[in-house]
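Below: the structure, in structure tokens.
A, B, ... follow the sequence lines: proteins, then strands. Residue 1 opens every chain.
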Amino acid sequence: MGSIRFDSVNKVFGGVKALDDINLEIAEKEFVAIVGPSGCGKTTCLRIVAGFETPTSGIVSVNGKRVTAPGPDRAVVFQQFVLFPWKTVRQNIDLGLRNKNFAGDERERLIRSVLDLMNLESYADAFPHQLSGGMQQRVAIARAYVLDPEVLLMDEPFGALDAQTRVLMQEELVRLSRVNPRTVLFITHSVEEAVYLADRVAIMTRRPGRIKEVLDIKTVRNEERWNRFQRIEDVMDLDSFIHLRTHVWKSLREEKREDRQ
Amino acid sequence: MSGHRRIWAGWATLAGLVLFWFGLTTWTGIVSAGRFPSPAAFWLSLVQIMTRGYAGGQLVTHAWHSLELVAMGFLVAIATGVPLGLWIGWSRRAEAAINPVFLIIRPIPPLAWIPLAILWLGLGDAAKIMVIWFAAFVPSVINTFSGVRTIERPVIEAAQMLGTPLWRFVIEILSPAAAPMIFTGMRLSLQAAWTTLVAAELVGALVGVGVVLNVAQQDIYPGMILVGMLTVGVLGFATTWLLSRVEHRVLAWNVAAKD
């Protein structure tokens, strides 16, 4: 349940090649981050899995089924949160459950548990504009999580947050994926974020985007027991973390250098 | 400027205008009574129509009838214009099919429909409602249409990824997202309805503010003409105010978000 597969995926936008022969397999409950220079097409990869875009050639499948349209089995968390401003926090979270035709008491139970999970209990009846950016993104994550999706697609979800909120949210996401592991495709331009959160990091080239390298983080993380630390800065101090981060960083920098020529 | 000062400034202008009115008519007689009524003449006309009646009824009867026509025409225009705007806003295919027809019909002044309306529906209220409807219809369609077109794409994508079925999408996502523009359209529709009313009532009506104006013109009765004009002004102001209260309530999320 919840595997994602990119099979020779190409995407052309108005004559410009955005994605070039993307091949990637994400296993069930695996957390994969894609990093790459801006404009490399990493968000396009996610949008194809979400069903918002169709590949020019090649196939993207989830659970072996070809993706053709958006659906609640692939919940998306957007960079700009995209809550419905006319709905309260509760109504925002409820919409997906109502669409799945859950009974009223079941919905209430699920909403309560996800509000509790995201520390949002006292904001159930607030409107989005009454919440801070971090809070709004928590609601967006709750809205995705409550559907118990097979796949969670996160498009630079913390990119619009200030540095402190961002760190808190990253730690929260790690906590969340321990309690409730999901298949996650995570797009970011932050190397630290990718190495801290993901099981594997896929590095993309500049446009047309290709997958240059896929780096295993999980093995190192387990060997070095990163999980014994609660705080991101303690993990970031470890030699094993620094080593991986520098590796990704150098790989990306090569792309930047080619860019300048 | 604070709210209180604004209101004060509004009343001051009004008071100044009334003084100016007194000055031109009663005090100096620069404007003769045959062209424009003095405040006293206006008052007598107002008392006359409110107590004894004029042109077939008291002021309340005329005003109420006009209000009914505007309300009916306006509501029918909203009920048809907003859904059409949503539809052609959402579906490019519907837009391509309907837009050419709309572009040809749109420049026809609402009053040019009066002859056809009378042929179809006679001299009764139905023909007048039809003309008001046509006048109020266009702003509702256009503004709802652009309200839908300016919805940010991620909002639509978020609803899609949550698996929202079409009818729920239209009611809970498309309509509220376009609501600020829909209300702009409704305000313009209401104005168009009042603008068209008097002209529609000039033809074959028995009661209504338009009738008062028409009869007063034939009687060469400036005081009553002014009563009729100001009645339309006051009613238009009152209905617009009412609509803005509804808007404020329905769009509470939007008003608060903008502050």
Side-chain angles (χ1 to χ4, degrees), chain A residues 43 46-53 62 67-89 91-102 125-131 136 139-140 142-149 151-156 160, chain B residues 78 82-83 85-86 89-93 143-144 146-186 243-259:
Chain A
T43 291
L46 178 138
R47 291 177 57 79
I48 291 174
V49 182
F52 298 147
E53 309 273 359
V62 169
V67 171
T68 52
D73 56 324
R74 286 154 286 130
V76 182
V77 178
F78 300 85
Q79 182 178 7
Q80 295 299 339
F81 329 136
V82 203
L83 299 173
F84 306 117
W86 51 88
K87 288 182 184 285
T88 62
V89 167
Q91 290 167 340
N92 264 281
I93 297 171
D94 198 19
L95 180 62
L97 295 173
R98 285 165 57 219
N99 293 343
K100 288 180 105 179
N101 295 319
F102 280 49
D125 298 313
F127 282 93
H129 68 82
Q130 298 171 306
L131 305 177
Q136 291 189 42
V139 177
R143 181 175 70 180
Y145 247 83
V146 79
L147 298 174
D148 197 21
V151 168
L152 207 54
L153 304 169
M154 306 183 94
D155 184 12
E156 300 197 32
Chain B
I78 298 303
V82 172
L86 288 175
W90 176 243
S91 160
R92 304 264 165 186
R93 200 176 300 170
N143 285 281
T144 305
S146 36
V148 172
R149 282 295 158 87
T150 49
I151 297 174
E152 287 176 31
R153 215 175 137 182
V155 171
I156 290 163
E157 288 176 347
Q160 285 174 336
M161 74 85 177
L162 292 170
T164 315
L166 184 66
W167 55 269
R168 182 173 286 159
F169 175 75
V170 172
I171 293 166
E172 292 188 31
I173 308 296
L174 211 57
S175 305
M181 283 299 282
I182 293 178
F183 270 100
T184 302
M186 281 165 68
L243 183 64
S244 78
R245 296 317 301 163
V246 174
E247 176 178 2
H248 202 78
R249 181 162 278 201
V250 174
L251 294 185
W253 58 269
N254 192 45
V255 174
K258 271 193 210 149
D259 283 347

Side chain, backbone, both or neither: which part of Ala179(B) has a non-hydrogen atom closer than 4.5 Å to chain A? neither
Heavy-atom closest pair, residues [X] and [Y]:
{"X": "Phe78(A)", "Y": "Pro154(B)", "result": "CZ-O, 4.2 Å"}
{"X": "Arg153(B)", "Y": "Phe52(A)", "result": "NH2-O, 3.9 Å"}
{"X": "Phe84(A)", "Y": "Leu162(B)", "result": "CE1-CD1, 3.9 Å"}
{"X": "Pro72(A)", "Y": "Gly163(B)", "result": "CD-CA, 3.9 Å"}
{"X": "Arg74(A)", "Y": "Met161(B)", "result": "O-CB, 4.3 Å"}

Hey, which of Gly71(A), Gly96(A), Ala75(A) has the most heavy atom pairs under 4.5 Å with chain B? Gly71(A)
Nearest-0.5 Å distance, [atom1] of residue [X] to [atom2] of residue [Y]:
{"X": "Glu152(B)", "Y": "Gln80(A)", "atom1": "CD", "atom2": "CD", "answer": "9.0 Å"}
{"X": "Trp253(B)", "Y": "Thr88(A)", "atom1": "CH2", "atom2": "OG1", "answer": "13.5 Å"}
{"X": "Glu172(B)", "Y": "Gln91(A)", "atom1": "CD", "atom2": "CD", "answer": "8.5 Å"}

Is Lys87(A) in contact with chain B via its backbone, its side chain, both, or neither, using a 4.5 Å heavy-atom distance? side chain
Heavy-atom distance under 4.5 Å to chain B: side chain of Arg47(A), backbone, both or neither? side chain
